[in-house]
Number of protein chains: 2
Amino acid sequence: MLAWSRLIRAQRAALCVVEQALKAEGLPPLEWYDVLWELERAGPLRPRDLQERLLLAQYNLSRLLDRMAEAGLVERRSCSSDRRGQFIAATKDGLKLRRRIWPVYARAIEAAIGARLGEADAEALATLLGRLYETTPAAPAASVPRGSPASSGRA
Amino acid sequence: MLAWSRLIRAQRAALCVVEQALKAEGLPPLEWYDVLWELERAGPLRPRDLQERLLLAQYNLSRLLDRMAEAGLVERRSCSSDRRGQFIAATKDGLKLRRRIWPVYARAIEAAIGARLGEADAEALATLLGRLYETTPAAPAASVPRGSPASSGRA
DNA sequence: TCATGATCGATGCAGTTGCATAGACACAGA
DNA sequence: TCTGTGTCTATGCAACTGCATCGATCATGA
């Protein structure tokens, strides 16, 4: 299936362009931005929710948050309604960093996608891609072992 | 840019579905298949060429080939025309394994893509994605540090 | 022929990921 | 209340990745 192999390669290529751009500016990896951005627009979130939104594996996110907390970008707050859990919130520094990353990130995305497709085709692409990870209405989220990256939920 | 974030997430989701499927059957990870497949249809290749076709990082491919050679799936042959280099060839076992993987792989791809898009849309998607990693004709392949995953070349 | 610079591929090391599982708590039913 | 089952998050360990760099070879031009 052509679409499959191109999906893999196109993402690899685009991701690489963007990560190199961030690295070249001495900025942290992409997921840091994604986490900060989710937190900024949705407010403090439970790790579980972040995990769904970002399609990250649970253990992976857990350690990502460790690193980000150590860097002072997010903080873990206890969660009174469920003492197993916690809330993750972006700190001032976290928000500041996100704003600093954005222009670099945006430029790189433009180079990797916008410049190659143009407005209309980019939108068409987005529409098609959306259908690849929308949860199908009736799916009980159990086709894949629990806690695995793409399992459970809308994301 | 919507297309960007969906590209990342859709690929993540689809890749995860496929890798889980392979793992569930006790089969090796995806790249092993990809390497075997390239070798099968193109004959023995230099690591450099494999690297371009698969968009893998040089050091990464080098060690992937170590593992596959150790598993008896590929063999390194010396290259008389360039003694720095070598040719990688699939072994009988390698070819056999590829054939064994294929049905599982195909089914997973169908579930991750075909079932969600249908023939025509999948083709449209492939076309759009193709434009994201084609090399632009005049590019001297130097926008990114040497040997970095997506650098250099057509792929 | 020799120096210079580029290319091919490997590798030490530190950082990250994946797997399996643990520990703490929630929730439902006996 | 107690017990069993499921959920939320963390973590030990092994495998993999990324970075920087090395050694070997090639290619070019003086």
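Lettering of chains follows the sequences in order, A, B, ..., and the numbering in each one begins at 1.
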Please enumerate all residues that pass side chain to side chain contact (heavy atoms under 4.5 Å, CB included) together with [X], with sequence neighbours excluded.
{"X": "B:Glu75", "answer": "B:Arg77, B:Ala89, B:Thr91"}
{"X": "A:Glu110", "answer": "A:Ala115, B:Met1"}
{"X": "A:Ala111", "answer": "none"}
{"X": "A:Ala90", "answer": "A:Leu36, A:Leu39, A:Leu95"}

Nucleotide [N], atom [atom2] - distance to [atom1] of [X] in whole Å:
{"X": "A:Asp82", "N": "C:dG23", "atom1": "CG", "atom2": "C1'", "answer": "14 Å"}
{"X": "B:Leu56", "N": "D:dC16", "atom1": "CG", "atom2": "C1'", "answer": "13 Å"}
{"X": "B:Glu52", "N": "C:dG9", "atom1": "CD", "atom2": "P", "answer": "11 Å"}
{"X": "B:Leu30", "N": "C:dG18", "atom1": "CG", "atom2": "C1'", "answer": "15 Å"}
{"X": "B:Met68", "N": "D:dC16", "atom1": "CE", "atom2": "P", "answer": "12 Å"}
{"X": "B:Arg48", "N": "D:dC26", "atom1": "CZ", "atom2": "P", "answer": "17 Å"}

Using a cut-off of under 3.5 Å, enumerate the N/O to N/O pairs linking the protein to nucleotides 3-6 of chain D.
from  : atom 1 : to      : atom 2 : distance (Å)
D:dG6 : N2     : A:Arg84 : NH1    : 3.2

### Message
Taking salt bridge (charged side-chain N to carboxylate O under 4.0 Å, His left out) as the definition, give me every residue that meets it alongside B:Asp66, ordered by chain and number, with sequence neighbours left out.
### Response
B:Arg76
### Query
For nucleotides 10-17 of chain C, read 5' to 3', which letter fits each nucleotide if B means a protein heavy atom sits under 4.0 Å from the base, S means only the sugar-phosphate is that close, and - means neither?
BBBB--SB
### Message
Could you work out, with side chain to side chain donor-acceptor pair (under 3.5 Å) as the rule, every residue matching B:Arg6, not counting sequence neighbours?
### Response
none
### Task
With sequence neighbours excluded, tell me which residues meet side chain to side chain donor-acceptor pair (under 3.5 Å) with A:Glu19.
none
### Query
Which atom pair, heavy atoms only, marks the closest approach of A:Tyr133 to B:Ala13?
CB-CB, 3.7 Å
Side-chain N or O of [X] versus OP1/OP2 of [N]: is the shortest distance under 4.0 Å?
{"X": "B:Arg46", "N": "C:dG9", "result": "yes"}
{"X": "B:Arg83", "N": "D:dC26", "result": "yes"}
{"X": "A:Lys23", "N": "D:dC19", "result": "yes"}

### Query
Has the side chain of A:Arg98 got a donor or acceptor atom that lies under 3.5 Å from a matching backbone atom of A:Trp37?
no
